[in-house]
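Here the structure is a predicted model, which means the values were calculated and not measured. Proteins get letters first, then strands, A, B, ... in listed order; numbering begins at 1 in each.
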Number of protein chains: 2
Amino acid sequence: MTTAPSPGRQRSTRQAQAIEAALARADGFRTAQELFGALRDDGQSVGLTTVYRHLSLLAETDRADVVHTAEGEAQYRLCGPRHSGESDGVEPETHHHHIVCRECGRSVEVSGPEVEAWADRVAAEAGYTDITHTVELFGRCPEHSAR
Amino acid sequence: MTTAPSPGRQRSTRQAQAIEAALARADGFRTAQELFGALRDDGQSVGLTTVYRHLSLLAETDRADVVHTAEGEAQYRLCGPRHSGESDGVEPETHHHHIVCRECGRSVEVSGPEVEAWADRVAAEAGYTDITHTVELFGRCPEHSAR
DNA sequence: GTAGCTGCAAACAATTTGCACACCG
DNA sequence: CGGTGTGCAAATTGTTTGCAGCTAC
């Protein structure tokens, strides 16, 4: 056998960049379909399939967060080191949740030690093990709040 | 105009009872498809469409709780006054959440004043309004816990 | 040159809807 | 009877997979 020809790294393609860029630019949660549309409108036509594939990939490698709409649609958001001066300094590594704006998809990350603790405690009390939890908050961001 | 001929009450049909019975018997969250299968196996053949219709109806009238699987499937559970002696005495009216067993669907209701409070506080801090939240816990019930 | 990408079309799974017929009251 | 409930088949929607061609390295 030959020496491993470099462990199947990820190739740098136009599509991959376009998708990641669009997602970065969005600064909020977006569904695959939305991104697909945005890219098309932008002239950066990318196959829907490809969008899905990259989004799943980003999610798997923890480079993007995922939440599920009430209707079951998946929404993605890039979650790299892009907090310049957040007051609570939530780190990307930390397990966290989001408040997503129902109108524009803009979101705020929130770390909820209390919730994690609560979940673990309640689960333990009930005798349940191997717990995983889902916590998603939806609302209207300041900009889209009815006064 | 004639006098309202009795406000479209719900008719008592074999299917409606079968579905509700199956759901009651299940004592845990079940998907529409699972119930459909269970009923068919039971000889109580009911159309899948009908199962879906009754499940939605039960959910709308708050007679059943709904949670969504990680894969996006909807699971239903009858939530009538069926707690004989729960220690924390969570009432059906109260907004609550569940710990659902990944293996058997059996669940425990948990009221989480702390979570509600946390959600409201965090949302307010971020300036978000009109908040709704989703909290779902999945795990393994004592019976299905690996030791 | 070749394995890893792409993307179109078809496959899929969960859920909904149209519509003719059955059945409760 | 009369309208509500039922269920089959077809339509929808979000997402995945098969596979032939393209492309980065």
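In this structure, CZ of A/F36 is placed 14 Å from P of C/dT6, rounded to the nearest angstrom. For A/I19 and C/dG7, the CD1 to C1' distance is 11 Å, given to the nearest whole Å. Whole-Å rounding puts the A/Q17 CD to C/dT6 P distance at 10 Å. If you take CD of B/E34 and C1' of C/dA13, they are 14 Å apart, rounded to a whole angstrom. One atom, CD of B/Q44, and another, C1' of D/dG7, lie 16 Å apart when rounded to the nearest Å. We find that CD of A/E20 is positioned 16 Å from C1' of C/dC5, with the value rounded to whole Å. We find that CZ of A/R30 is positioned 16 Å from P of D/dG14, with the value rounded to whole Å.
Here the CG atom belonging to A/L23 is positioned 10.0 Å from the OH atom belonging to A/Y76, to the nearest 0.5 angstrom. Separation of atoms CZ (A/R77) and CG (A/L58) is listed at 13.5 Å; rounding is to 0.5 Å.
Note on A/R140 versus B/D130: salt bridge recorded, some NZ/NE/NH1/NH2 to OD/OE distance being below 4.0 Å. Under 4.0 Å is where a charged nitrogen must lie from a carboxylate oxygen, and between A/E73 and A/R30 no such pair does.
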Assign a letter to each nucleotide of nucleotides 15-25 of chain D from its 5' end: B, base within under 4.0 Å of a protein heavy atom; S, sugar-phosphate only; -, no contact. BBB-----BBS
Does the pair A/H95 and A/H133 meet the rule for a ring pair (Phe, Tyr, Trp, His ring centres under 6.0 Å), with working shown? CA-CA 11 Å; A/H95 174 70; A/H133 64 273; 5.0 Å; yes
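OP1 or OP2 of C/dT6 lies within a sub-4.0 Å distance of a side-chain N or O belonging to A/H54. In this model, the phosphate group of D/dG7 is approached by a side-chain N or O of B/Q15 to a distance below 4.0 Å at OP1 or OP2.
Applying the side chain to side chain donor-acceptor pair (under 3.5 Å) definition to pairs two or more places apart or across chains, those involving residues 13-23 of chain B are B/S12-B/Q17.
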